[in-house]
Amino acid sequence: MRSRILIILFLALGLNACAQDKVKTCKVSVVSEFPHDATSYTQGLFFHDGKMYESTGQYGSSTFRADVDLASGEPARRLDFGRKYFVEGSVILGDKLYILTWTNKVAFVYDASTLEYIQTYRYPREGWGLTTDGKQLIASDGSANLYFLDEQLRQTGRVTVTLRGRPVTLLNELEYIDGKVWANVYTTDMIVVIDPKTGKVETTIDCSGLLPQQLRTPDTDVLNGIAHDPSTGRTFITGKNWKRLYEIKLK
């Protein structure tokens, strides 16, 4: 009798673990499409107070673009960076704008309203994606890790992202949406939706075939860039040197 009870308990625990590791799979449906600057090597994309912002990479052409107009794809304001910097993810937390660099090992901080420079922090790893839950910064570095940082970019926590128990590497651009972290998986057409407390991937989003062949050029690169506007509930995605920005929904 005792052995039967133990077997039943083990089976129940196993079924419960399997249930917890179930992963939803979704595809995207296009709601609307907008022009996107094909010279924009998108590294960071986000909304703040109803306005869209974008940071772009590449040595010699890295920029930060503020108040991007959806109808035209043009920014109202722009920062251009020196040739030695390769700009990566960006986000606003509080009244400050944070911008990462790829291998320069520095992060820049600006006044979010005026875009006036405030200071530079030393950054201990490669900069990739950056987002916020409104209380702290959340960063990626191309590994399977998400790093939690305070406003002085000091690490306060870390979680390893897993899909059915296996690490998911090449986590790139990040966006915090409804308590979850959405992440582009670099070089793929997949976005993963992550529980930031456990690191488990809860949903995979297939974005393959989004940009049609006729809009591709030799410079067109991979899917990268997720922006969610909390004021409207709209979500947008794009890619590096893409000619389109897409408002999407999941199906």
Side-chain angles (χ1 to χ4, degrees), residues 21-34 36 40-47 52-57 88-91 100 127-133 137-148 159-212 215-216 220-230 232-251:
D21 286 339
K22 283 186 177 179
V23 178
K24 296 179 184 177
T25 56
C26 298
K27 289 185 70 70
V28 294
S29 175
V30 174
V31 177
S32 303
E33 59 181 83
F34 304 90
H36 183 248
S40 175
Y41 193 78
T42 306
Q43 302 290 69
L45 194 70
F46 66 92
F47 275 85
M52 194 172 78
Y53 299 82
E54 181 176 20
S55 51
T56 75
E88 285 277 349
S90 56
V91 77
L100 299 182
W128 284 49
L130 189 64
T131 189
T132 180
D133 60 5
L137 298 167
I138 306 172
S140 64
D141 66 347
S143 69
N145 294 322
L146 293 180
Y147 301 90
F148 302 94
V159 67
T160 299
V161 175
T162 59
L163 175 59
R164 299 186 181 92
R166 296 187 176 185
V168 181
T169 59
L170 297 178
L171 298 175
N172 200 3
E173 216 270 317
L174 307 175
E175 182 75 355
Y176 190 83
I177 304 176
D178 297 332
K180 309 297 179 184
V181 176
W182 290 35
N184 284 115
V185 181
Y186 184 55
T187 75
T188 79
D189 291 319
M190 184 171 71
I191 293 171
V192 291
V193 180
I194 306 157
D195 182 339
K197 295 179 181 178
T198 65
K200 289 184 178 181
V201 172
E202 297 183 345
T203 305
T204 61
I205 303 171
D206 179 7
C207 302
S208 58
L210 187 61
L211 185 70
L215 292 177
R216 294 179 175 269
T220 302
D221 212 316
V222 298
L223 179 81
N224 200 55
I226 311 165
H228 179 73
D229 185 357
T232 62
R234 302 164 76 189
T235 301
F236 301 81
I237 59 177
T238 190
K240 300 174 185 289
N241 300 131
W242 281 27
K243 293 184 176 181
R244 293 291 184 272
L245 170 79
Y246 294 98
E247 180 187 351
I248 57 103
K249 63 179 180 180
L250 302 185
K251 62 177 182 179

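For the residue pair Gly179 and Pro196, the shortest heavy atom distance occurs at O-CD, 3.4 Å. Closest of all the heavy-atom pairs between Asn172 and Ser140 is O-OG, 2.8 Å. Closest heavy-atom contact between Gly225 and Leu45: C-CD2, 3.9 Å.
Between Val91 and the choices Ile138, Leu174, Thr132, the side chain to side chain contact (heavy atoms under 4.5 Å, CB included) rule is met once, by Thr132. Shown are Val23, Asn184, Leu171; of these, the side chain to side chain contact (heavy atoms under 4.5 Å, CB included) with Val192 is made only by Leu171. Exactly one of Leu130, Thr131, Leu100 qualifies for a side chain to side chain contact (heavy atoms under 4.5 Å, CB included) with Leu137. That residue is Leu130. No option in Glu54, Arg244, Lys243 other than Glu54 meets the side-chain hydrogen bond (donor to acceptor under 3.5 Å, both in side chains) test with His36. Partner of Phe236 under the ring-ring contact (aromatic ring centres under 6.0 Å, His included) criterion, out of Phe47, Tyr246, Trp182: Phe47 alone.
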**OP:** Any chance you could lay out the side chain to side chain contact (heavy atoms under 4.5 Å, CB included) test for Val201 and Thr162, step after step, and finish with the verdict?
**Re:** CA-CA 6 Å; Val201 172; Thr162 59; over 6 Å; no
**OP:** Could you check Val28 against Leu210 for side chain to side chain contact (heavy atoms under 4.5 Å, CB included), going step by step and ending with a plain yes or no?
**Re:** CA-CA 8 Å; Val28 294; Leu210 187 61; 4.1 Å; yes
Original post:
How far apart are the C-alpha atoms of Lys200 and Asp195, what are their side-chain angles, what is the distance that settles it, and do they pass the salt bridge (Lys or Arg N to Asp or Glu O under 4.0 Å) test?
Top reply: CA-CA 6 Å; Lys200 289 184 178 181; Asp195 182 339; over 6 Å; no
Original post:
Is there a side chain to side chain contact (heavy atoms under 4.5 Å, CB included) between Tyr53 and Ser90 once you walk through the steps?
Top reply: CA-CA 9 Å; Tyr53 299 82; Ser90 56; 5.8 Å; no
**OP:** Would you sort out whether Phe46 and Glu175 count as a side chain to side chain contact (heavy atoms under 4.5 Å, CB included), showing the intermediate values?
**Re:** CA-CA 7 Å; Phe46 66 92; Glu175 182 75 355; 4.0 Å; yes
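Lys240 NZ to Gln43 CD: the interatomic distance, rounded to the nearest 0.5 Å, is 3.5 Å. Between atom CG of residue Asp141 and atom OG1 of residue Thr169 there is a gap of 11.0 Å, rounded to the nearest 0.5 Å. We find the CD1-CG distance between Ile205 and Asp189 to be 12.5 Å, quoted to the nearest 0.5 Å. Going from atom CG of Leu223 over to atom CE of Met190 covers 11.0 Å, rounded to the nearest 0.5 Å. For the atom pair Asp229 CG and Thr235 OG1, the distance stands at 9.0 Å (nearest 0.5 Å).
For Lys180 and Glu202, the salt-bridge test passes: some basic side-chain N is under 4.0 Å from an acidic carboxylate O.
Considering only heavy atoms from C-beta on, Asp206 stays 4.5 Å or farther from Thr25 through its side chain. Proximity of Phe148 to Val159: side-chain heavy atoms (C-beta onward) are separated by under 4.5 Å at one or more points. Within the 4.5 Å cutoff, the side chain of Leu211 has heavy atoms near those of the Thr220 side chain.
At least one donor-acceptor pair closer than 3.5 Å links the side chain of Glu173 to the backbone N or O of Ile226. Side chain of Thr203 to main chain of Lys24: no donor-acceptor pair is present (N/O by atom type, distance under 3.5 Å, no hydrogens or angles).
Applying the 6.0 Å contact sphere to NZ of Lys27 captures more than 12 heavy atoms from other residues, nucleotides or ligands.
Separation of the Trp128 and Tyr186 ring centroids falls under the 6.0 Å cut-off.
Side-chain atoms of Thr160 and Asn145 form a donor-acceptor pair, as typed in the model, at a separation below 3.5 Å.
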